[in-house]
Amino acid sequence: MIALSENQAGALSELINIAFGLTAANLSEISGHRIRLDPPTISSHPIDGLADRLAAFKEGELVFVRQGFNGPFSGDAILCVNSQGAVRLSSILIEEHRQSQQLDSSAAEILTEIGNMLLSACLGVFGNLLQLHVSISVPELHQGQLGQFLESLKIADGDLRHAVVIDSSFKISNSGVVGRIAIILSVSSLERLILAVDKWEGNTVYAK
Amino acid sequence: MKAKVLIVDDSSVSRRLVQGYLEAAGHEVTEAYDSMPALDQFTLEKPDMVQLDLVMSGMGGLEVLQKLRETDSQARVIVTTADIQNSTRNMATQAGSRAFLNKPIRREELSTAVNSSLEGLNQ
């Protein structure tokens, strides 16, 4: 893991809190419910150890919305919800009761768009505050086990041997929907992110 | 002012939402799910205004915007996107968008942007 100075760690935490906080605010607006967001954490893992870190739910089928990003730093932003929560979340948005507990094509599309709104906003905070442009890809929905999903990340990025995970769990009040937001970066991308954060932190301190 | 509006968004959820808002305001709406149909429909249907998503597979929204403006330099285009970056807003503005709205779209913001974009139509 890259060693961060106290200032760097503080600045990065502040940036992440703002980004994830905005994401939670958007989710609250979309769902009409209060969101409880756990404090985001940063950790470094070998790619094969990601499953343990990201296992918001130890068992069962999960639904992932993945949005790749490129620019000064690149990686994947991920929204992960358990299958039942995904159906509930899509029902909340279109305000209709679903008989089925399966994620049909309509519910899948709603969830993909929710993921797009949440993840793009989260990544956009990084771009805005660091005064960089992050190119955001089209969101993709994956269903299945966590291991299968992580396999797809490895295939997509052969260089990704070690990953830095910035993640937080959330819960939508009165709905039973729980999930996880994560940003996965390669170590080299994190180094570039830290450089940008250094500059931002310097400007922020100067501005004070 | 009632207008003909082309909605371009690869998300049917977003298209449906915007269509509901616009039709409730009395506008006539057509839809395109992707960039190529959007460019065809723009040429054939000659809408008064286009509501354009930016993050789409294939040709992205910014490129579509440039092509729309090449086809009609006065094209009235409102950009809607989940991308909240100021740099993206600047790129859209430079490419000729009349308004830039972030998703989730609020009815009042859309209404204001549409009315502002349609100012001067038929004058």
Side-chain angles (χ1 to χ4, degrees), chain A residues 18-19 21-23 25-32 65-72 77 79 89-96 104-141 196, chain B residues 7-21 23-24 31-38 51-66 79-95 97 100-110:
Chain A
I18 294 169
L22 179 71
T23 308
N26 269 356
L27 183 56
S28 178
E29 184 175 343
I30 293 165
S31 67
V65 181
R66 167 195 183 184
Q67 202 151 22
F69 57 93
N70 285 293
L79 172 70
L89 188 52
S90 62
S91 302
I92 288 170
L93 188 71
I94 57 171
E95 294 175 344
E96 77 175 27
D104 60 21
S105 60
S106 167
E109 189 162 4
I110 292 167
L111 196 70
T112 305
E113 187 61 6
I114 291 173
N116 178 37
M117 288 189 263
L118 300 183
L119 300 174
S120 294
C122 184
L123 295 170
V125 169
F126 283 76
N128 280 347
L129 293 184
L130 300 177
Q131 299 186 345
L132 301 165
H133 183 71
V134 181
S135 294
I136 301 168
S137 303
V138 177
E140 298 168 16
L141 187 125
Chain B
I7 300 172
V8 185
D9 198 316
D10 57 357
S11 163
S12 66
V13 183
S14 287
R15 289 201 306 273
R16 225 165 40 228
L17 183 71
V18 173
Q19 181 179 9
Y21 290 168
E23 286 183 344
E31 300 175 40
Y33 64 92
D34 202 353
S35 52
M36 295 315 290
Q51 178 259 307
L52 176 65
D53 181 31
L54 284 192
V55 180
M56 294 189 291
S57 56
M59 190 189 297
L62 278 176
E63 201 177 337
V64 174
L65 174 55
Q66 285 160 355
V79 163
T80 55
T81 179
D83 184 348
I84 65 165
Q85 293 179 90
N86 298 329
S87 52
T88 304
R89 179 186 291 266
N90 292 340
M91 283 189 267
T93 303
Q94 281 168 13
S97 76
F100 184 96
L101 302 179
N102 283 128
K103 295 179 180 181
I105 297 167
R106 287 91 176 162
R107 183 193 293 266
E108 297 74 22
E109 286 177 358
L110 181 66

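All chains are named by letter (A, B, ...) in the order of the sequence lines, taking the proteins before the strands, and each is independently numbered beginning at 1. Nothing here was measured: the structure is a model prediction, and the numbers come from that model.
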Chemist: Identify which of A/Leu22, A/Ile114, A/Val134 forms the greatest number of heavy-atom pairs closer than 4.5 Å to chain B.
Modeler: A/Val134
Chemist: Nearest 0.5 angstrom please: A/Gln131 CD to B/Asn86 CG, how far?
Modeler: 8.5 Å
Chemist: Identify the two heavy atoms, one from A/Glu113 and one from B/Ser11, that lie closest to each other, and give their separation to 0.1 Å.
Modeler: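 Heavy-atom minimum between the residues: OE1-CB, 3.4 Å.
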Chemist: Going from CG on A/Leu132 to OG on B/Ser87, what distance comes out if it is rounded to the nearest 0.5 angstrom?
Modeler: 8.5 Å
Chemist: What part of B/Asp10 is in contact with chain A, defined as an atom under 4.5 angstrom from a non-hydrogen atom: side chain, backbone, both or neither?
Modeler: both
Chemist: Counting only N and O atoms by type, is there a donor-acceptor contact under 3.5 Å from the side chain of B/Asp83 to the main-chain atoms of A/Gly124?
Modeler: no
Chemist: Search all heavy atoms of B/Ala82 against all heavy atoms of A/Ser120 and return the closest pair with its distance.
Modeler: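 It is O-CB, 3.2 Å.
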Chemist: Name the region of A/Ser137, side chain, backbone, both or neither, that has any atom closer than 4.5 Å to a heavy atom of chain B.
Modeler: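 Only the backbone of A/Ser137 comes within 4.5 Å of chain B.
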Chemist: Identify the two heavy atoms, one from A/Val138 and one from B/Met56, that lie closest to each other, and give their separation to 0.1 Å.
Modeler: CG2-C, 3.4 Å
Chemist: Using 0.5 Å steps for rounding, measure from the CG atom of A/Asn128 to the CZ atom of B/Arg89.
Modeler: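 Result: 9.0 Å between the selected atoms.
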Chemist: Need one label for A/Ile136: side chain, backbone, both or neither, based on atoms under 4.5 Å from any heavy atom in chain B.
Modeler: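 It is both, since atoms from each part get that close.
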Chemist: Name the region of B/Thr88, side chain, backbone, both or neither, that has any atom closer than 4.5 Å to a heavy atom of chain A.
Modeler: both
Chemist: What is the distance from atom CG of A/Leu129 to atom CD of B/Gln85, rounded to the nearest 0.5 Å?
Modeler: 10.5 Å
Chemist: Identify which part of A/Leu119 has an atom lying under 4.5 Å from any heavy atom of chain B, answering side chain, backbone, both or neither.
Modeler: neither
Chemist: For B/Glu23, does the CD atom sit with more than 12 other heavy atoms under 6.0 Å from it, leaving out its own atoms?
Modeler: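 Enclosed: over 12 neighbouring heavy atoms sit under 6.0 Å from CD of B/Glu23.
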Chemist: Hey, is the main chain of B/Ser12 close enough, under 3.5 Å, to the side chain of A/Glu109 for a donor-acceptor pair?
Modeler: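 Yes, A/Glu109 side chain to B/Ser12 backbone: donor-acceptor pair under 3.5 Å.
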